[in-house]
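In the text below, chain A, chain B and the rest are named by the order of the sequence lines, each starting its count at 1.
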Amino acid sequence: MAAPQTLQDLASIIRSKNAGPYRLTMDILLRDEDRFRHVVQTGTVTRESVARAYGVPLDHVTSLFVVPAGRAIKVTLLRPVAQGDYGESDMYGCQQHVPLMTLRIEREML
Amino acid sequence: MSRFSIKRELTDLLIAARAAGIPLVVGSAGGAGSRTHVDWTVGIVREIAREQRLHFRLAWIYSDVPLARVHAALARDEIRDFEAGFALSAERIDDTATLVAQMGHEPIAAVLDAGADVVIAGRSCDNMAISAFAIARGADPGLAAHMGKILECGAFSAEPFGMDVMVGIVNSDHFLLEPGSPQRRASLTSVAAHTLYERENPFFQAGPGHELDLSQCTFEQVSDRRVKVAGARFKETDYWVKLDGARCAGYRSVSIAGIRCPTMFARIDQILNDVRAEAEQYFVPHPFEVSLHVYGRDGVMGRLEPKRQVSAHELGLVIDVMAADQELAHGICHHISGTLLHLSYPGQVNTSGNLAFLHSPSELDAGRAHRFSIYHLMKVASPLELFPIETEAL
C-alpha cells in the first residue's frame, strides 16, 4: 500500500518565518487550483490540525487565512521563545515548517 | 554585520547610483538602525566617496528615542502593546539600553525632496523606506507601499528566487515587477506568494500612520517576466510608531560538543537535568540561566518538536549559559561541560570522557546578550518628530 498522502504531496512551497519577534508564520502554497481547493475542502489545514501537529494549545494559533489569489493557506503561531531571546534556537524561524509537511490529507486526491 | 560586505556592496551601489543620477536610500542602516549603526554606515559612505572620488549630497536620519519621551507618552496613555504580550512600565523603560522608533516614508521623502542623493536612514519600516522615493515623486502611497513590501527582499519574489534585485515601476493605477536578472522571471505565484511573506495578516497590514488594505489586490501576468499588481488601498490613521527597545540581559558563554556513544542517548535528559541541578547548587548564591540544546533530537524546534525520540547516531550539544558577568558565565559553562565530560552513569562502556569538544579551550565567550524591553507602539505628534536629519556635501 502506498504511503498516505500528505500536504507536501500537493504543495509547492511549505515554509515558516518570523512575523515580528513574537510570531511564527507558515505559508502553504498549493501547486494548482485543484489541489488548493482540495486541501481547503478537506479541512486538512485548520487551527485544530495545526495546534495538534505542533503540540500547542489552540489559542497559540493566532490566525489562519485562506488566500485564493496566492492559492495559499497562511497560519500563524505564537513563538515559544521570542526571536533572539535567551534559549532561542531558530533566529529567523525558518526551520519550523516540517510538522506541516506531514499533515495527512483526509480524502486522498488521485 | 560584515563591514567588508557592506563596504563592497555600498561601493557598487554608490558608483552606479551616481552614474545614473538616481538617489540611493538605505533603511535600518547597520542592522538595527540605532545611532551607532547609522554613524558607522555614514563613516563607510564617506570613506567610499573619498576613495572613489564621488561627490553627492548625503543625508542621514537618526531614529533613537530619548527614554524621557517614552516616559511622557506612558504618562499620557499614548503607548500600546503591539505583540509583546507585556505592558510597558517605567521600570522597563529605565532598563532599556538602546531604543529606536521605526520611521515611515515621510522623513526619507523629506530629505529626497530637499535634494539628497544618498540617504542613510535609521530604523525604518522596510517597505516604506523602499516606497519613499516613489511617494516623494507623487506615486499613490498604497501602490508604493505594496510594491515596497514585495521589493524588500529583492529577487526572493522571482522564480527561481535569488539574492539579487527586483525592479518596480509604479504607474497611476498599478505597479509592475520584473527581476533585474534575465535568469529569473516574476510569476503570478512568486509575486502573490511574496505578499504573504513575514507578515501575519495577508490582507491588512498596519504601518507607521497607516493601514494597507490588500484584500482587493489583483495580479496579472503581462509578459513572461513581468507581473502587474493593482488594488492596494492606503488608509491614513493616527500616527503611531513602533518602538524597538533592548536591555542587557546578561553575559553568555557557549560550549559546543558532540556525543557519539549510544549508551548516553537513552538517558540524556536525566543526565542533563542532574548536571543542571548540581551546577545550581555549586554556584549559590549566583543566579544564572542555562540552555542545553540537543541537536539530533530537538535542537532546532525545541518545545515545538513533535518527535521526541532520538533516531540519529550522533548528537550535538550546545551548552549556553547566561549570568551577570562574563567571568561568571564562563566559569559556569566550564563547570557544566567539565561535569558532563567526566560524568559516570549506568550502562557506560567508555570511561575516558563523554563529550567530543569542538574547541580548546572548550568555552567561547559570547559577550552581552540582549532582550526586548520595549516592543510597543507610541503616538507621535508628527511623522518627523522622532527622526532628526543631518546633511553633508561630499
Side-chain angles (χ1 to χ4, degrees), chain A residues 12-13 15-32 36 50-56 60-90 92-100 102-103, chain B residues 81-86 153 156 159 161 188-205 214-219 229 231 242 244 246 249-250 252 288-295 298-308 318 320-322 369-372 375:
Chain A
S12 54
I13 294 174
R15 67 187 178 198
S16 66
K17 198 73 194 272
N18 295 336
Y22 294 95
R23 298 277 193 282
L24 210 50
T25 194
M26 329 272 184
D27 301 338
I28 300 158
L29 278 72
L30 283 309
R31 279 198 206 139
D32 53 35
F36 172 66
V50 172
R52 261 197 314 278
Y54 285 89
V56 298
H60 286 209
V61 182
T62 57
S63 63
L64 186 145
F65 294 98
V66 173
V67 190
R71 294 197 298 261
I73 302 174
K74 186 167 184 55
V75 60
T76 300
L77 302 181
L78 289 181
R79 248 176 167 283
V81 182
Q83 178 192 12
D85 204 344
Y86 180 73
E88 140 83 310
S89 57
D90 185 359
Y92 301 109
C94 59
Q95 280 292 307
Q96 307 297 314
H97 60 293
V98 178
L100 295 180
T102 51
L103 276 184
Chain B
D81 178 22
F82 184 40
E83 289 172 347
F86 58 82
C153 296
F156 255 64
E159 59 180 43
F161 72 82
L188 284 181
T189 315
S190 70
V191 170
H194 204 78
T195 302
L196 309 177
Y197 198 58
E198 293 180 328
R199 301 265 178 145
E200 175 160 3
N201 190 323
F203 302 121
F204 293 94
Q205 299 179 354
L214 301 174
S215 61
Q216 305 302 315
C217 281
T218 56
F219 300 87
V229 186
K242 193 178 79 173
D244 292 333
R252 291 164 84 171
F288 64 88
E289 291 185 67
V290 56
S291 263
L292 299 160
H293 300 272
V294 182
Y295 287 91
D298 60 355
V300 174
M301 295 190 66
R303 272 179 265 163
L304 293 180
E305 177 58 64
K307 287 189 171 182
R308 304 308 306 182
V318 176
D320 187 351
V321 171
M322 184 167 73
H370 293 90
R371 267 189 176 137
F372 278 108
Y375 191 75

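Put simply, of Val290(B), Leu292(B), Val318(B), the one with the most heavy-atom pairs under 4.5 Å next to chain A is Val290(B). Counting heavy-atom pairs closer than 4.5 Å to chain B, the top residue among Leu24(A), Thr62(A), Val81(A) is Thr62(A). Most heavy-atom pairs under 4.5 Å with chain B: of the set Gly55(A), Ser12(A), Pro99(A), Gly84(A), this distinction falls to Pro99(A). When Asp85(A), Val98(A), Asp90(A) are compared by the number of non-hydrogen pairs under 4.5 Å with chain B, Asp85(A) comes out ahead. Counting heavy-atom pairs under 4.5 Å between each of Ala193(B), Gly302(B), Cys217(B), Ala192(B) and chain A puts Ala193(B) at the top. Put simply, of Phe219(B), Tyr375(B), Phe372(B), the one with the most heavy-atom pairs under 4.5 Å next to chain A is Tyr375(B).
Of the atoms belonging to Ser16(A), not a single heavy atom falls under 4.5 Å from chain B. Heavy atoms of Ile13(A) lying under 4.5 Å from chain B are absent altogether. In this structure, the portions of Ser89(A) lying under 4.5 Å from any heavy atom of chain B include both its backbone and its side chain. Both the backbone and the side chain of Tyr54(A) come within contact range of chain B, with heavy atoms under 4.5 Å apart. Val67(A) touches chain B through backbone and side chain together, each having a heavy atom under 4.5 Å away. When heavy atoms are compared at a cutoff of 4.5 Å, Ala82(A) does not approach chain B at all.
Residue Thr25(A) forms a side chain to side chain contact (heavy atoms under 4.5 Å, CB included) with just one option from Val75(A), Leu77(A), Thr76(A), Asn18(A), and that option is Thr76(A).
Under 4.0 Å is where a charged nitrogen must lie from a carboxylate oxygen, and between Arg71(A) and Asp32(A) no such pair does.
Remark: the Glu159(B) side chain and the Thr189(B) side chain contain no N/O donor-acceptor pair separated by less than 3.5 Å.
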